[in-house]
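Worksheet for the structure shown next.
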Amino acid sequence: MRHEADRRSLTAHERYMAQALTEAEKARHSGEIPVGAVVVKDGVIIARGHNERESKKDSTLHAEMTAIRMACKVLDSWRLTDCDLYVTLEPCTMCAGAIIQARIRNLYIGTSDLKAGAAGSVIDVFRVNAFNHKVEVSWGLLEEECSAVLKEFFSELRER
C-alpha cells in the first residue's frame, strides 16, 4: 500500500510516523491488526514494533510493547526518559501503562481507538495526576493514513 504521506514533503514527526505505518503494514501482511510503533531517541529510530498477538499467540504483543521492549534492550535500561514513541493507533490501557512505566517523554498518536483507547477515547490514563511520570501526548499525526490502513484491513476481513 502506498501512503499519502509518500507523496509530499514530510516533517521529521511525519517521517517517524511513516515508519510506524511501515510496521503496521508488516502486521497487516501477516494477518495481524495493522498497528505499528517506533521509538525515537535523539532523532534516530532505535526500536520498531508491530502487532504479533495472533502469530505468536501472546496477548501482550502489541506494537507499543514490542517497540518498548526493544528500546529497553538497545539502551540497556528500562528508563526511556529521552525517547519518543510514535504509534499508528491510540494505545490500550496495557500499552498506556507500559508507556508511563518506561518513562517515555512524548507520545505521538496517528488515530483514535474508540473501542479501547486509553489516551482519551475510552479512558485517559495519561491524565491521572497520581502517576509520578507525565507523558506529553500529541494526536492526529498522519491521521488519515493511519485510519485508512485499519479501515482497509477490516474491510478486507469482512469480505473474507
Side-chain angles (χ1 to χ4, degrees), residues 12-28 30-143 145-147 149-151 153-154 157:
H13 292 300
E14 289 171 331
R15 282 194 303 275
Y16 300 135
M17 187 60 79
Q19 290 298 305
L21 276 164
T22 298
E23 290 298 311
E25 288 293 341
K26 289 178 186 177
R28 179 183 183 180
S30 60
E32 301 277 353
I33 295 174
V35 179
V38 297
V39 177
V40 175
K41 180 177 175 32
D42 299 327
V44 176
I45 294 174
I46 62 166
R48 298 168 179 272
H50 56 272
N51 278 358
E52 297 179 286
R53 290 188 312 175
E54 299 295 334
S55 60
K56 294 192 176 174
K57 309 293 186 245
D58 185 337
S59 60
T60 67
L61 289 181
H62 291 198
E64 302 94 313
M65 299 297 284
T66 301
I68 288 169
R69 284 180 182 137
M70 184 184 292
C72 289
K73 285 181 184 175
V74 166
L75 298 178
D76 193 30
S77 176
W78 63 268
R79 290 181 183 92
L80 304 179
T81 52
D82 295 326
C83 296
D84 302 325
L85 178 66
Y86 294 77
V87 63
T88 58
L89 180 66
E90 179 182 2
C92 69
T93 53
M94 174 183 68
C95 294
I99 291 164
I100 292 167
Q101 290 299 316
R103 309 301 195 259
I104 295 285
R105 175 178 52 192
N106 295 301
L107 170 64
Y108 297 91
I109 300 169
T111 193
S112 60
D113 183 345
L114 300 178
K115 294 182 179 180
S121 290
V122 174
I123 187 173
D124 195 343
V125 173
F126 298 105
R127 291 191 190 255
V128 175
N129 290 325
F131 294 135
N132 65 341
H133 178 72
K134 299 294 178 216
V135 178
E136 292 296 319
V137 179
S138 299
W139 283 87
L141 193 57
L142 298 185
E143 184 173 14
E145 293 86 346
C146 292
S147 179
V149 72
L150 287 158
K151 287 177 182 173
F153 174 80
F154 286 112
L157 193 62

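In plain terms, the two heavy atoms of Ile104 and Cys83 that are nearest each other are CG2-O, 3.6 Å. The shortest non-hydrogen separation linking Leu75 to Leu80 is CD1-CD2, 3.7 Å. In this structure, Asp82 and Lys41 approach most closely via the heavy-atom pair CB-NZ, 3.7 Å. Heavy-atom minimum distance, Glu14 versus Leu142: O-CD1, 3.5 Å. Nearest heavy-atom pair, Gln19 versus Ile45, reported as atom, atom and distance to 0.1 Å: CG-CD1, 3.5 Å. When all heavy atoms are compared, the tightest approach of Leu85 to Ala37 is CD1-CB, 4.0 Å.
For the atom pair CZ (Arg53) and CD1 (Ile33), the distance works out to 5.0 Å, reported to the nearest 0.5 Å. Separation of atoms OG (Ser30) and CD (Glu54) is listed at 10.0 Å; rounding is to 0.5 Å. The structure places CE of Met17 at 9.5 Å from OH of Tyr108, a figure rounded to the nearest 0.5 Å. Here the CZ atom belonging to Arg48 is positioned 6.0 Å from the NZ atom belonging to Lys26, to the nearest 0.5 angstrom.
Side-chain atoms of Ile109 and Pro91, non-hydrogen and from C-beta on, do get closer than 4.5 Å to each other. The shortest side-chain heavy-atom distance between Leu150 and Pro34 falls under the 4.5 Å cut-off.
Every ring pair (Phe, Tyr, Trp, His ring centres under 6.0 Å) that Tyr16 has, sequence neighbours left out, goes to Tyr86. Applying the side chain to side chain contact (heavy atoms under 4.5 Å, CB included) rule to Ser77 yields the partners Arg79; only residues at least two apart in sequence or on another chain are considered.
Residue pairs satisfying the salt bridge (Lys or Arg N to Asp or Glu O under 4.0 Å) criterion with at least one member in residues 103-123, sequence neighbours excluded, are listed as follows: Asp84-Arg105. Applying the side chain to side chain donor-acceptor pair (under 3.5 Å) test to every pair with at least one member in residues 116-125, sequence neighbours left out, gives these pairs: Glu90-Ser121, Asp124-Arg127.
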Report, one line per pair, each donor and acceptor closer than 3.5 Å where one atom sits in a side chain of residues 93-101; sequence neighbours left out.
none

Please list, one pair per line, the donor and acceptor atoms closer than 3.5 Å that link side chains of residues 61-70 to other protein atoms, with sequence neighbours excluded.
| residue | atom | partner | partner atom | Å |
| --- | --- | --- | --- | --- |
| His62 | NE2 | Ser59 | O | 3.4 |
| Thr66 | OG1 | His62 | O | 3.3 |
| Arg69 | NH2 | Thr60 | OG1 | 3.4 |

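When each of Val149, Thr111, Val87 is tested with Val35 by the rule side chain to side chain contact (heavy atoms under 4.5 Å, CB included), just one qualifies, namely Val87.
When atom types are taken as modelled, the side chain of Thr88 and the backbone of Gly110 share no donor-acceptor pair closer than 3.5 angstrom. No donor-acceptor pair under 3.5 Å is formed between the side chain of Asn51 and the backbone N or O of Glu32.
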Trace of the side chain to side chain contact (heavy atoms under 4.5 Å, CB included) decision for Cys146 with Leu89: CA-CA 7 Å; Cys146 292; Leu89 180 66; over 6 Å; no

Residue pair Asn129, Lys134: steps toward the side chain to side chain contact (heavy atoms under 4.5 Å, CB included) verdict: CA-CA 8 Å; Asn129 290 325; Lys134 299 294 178 216; 4.1 Å; yes

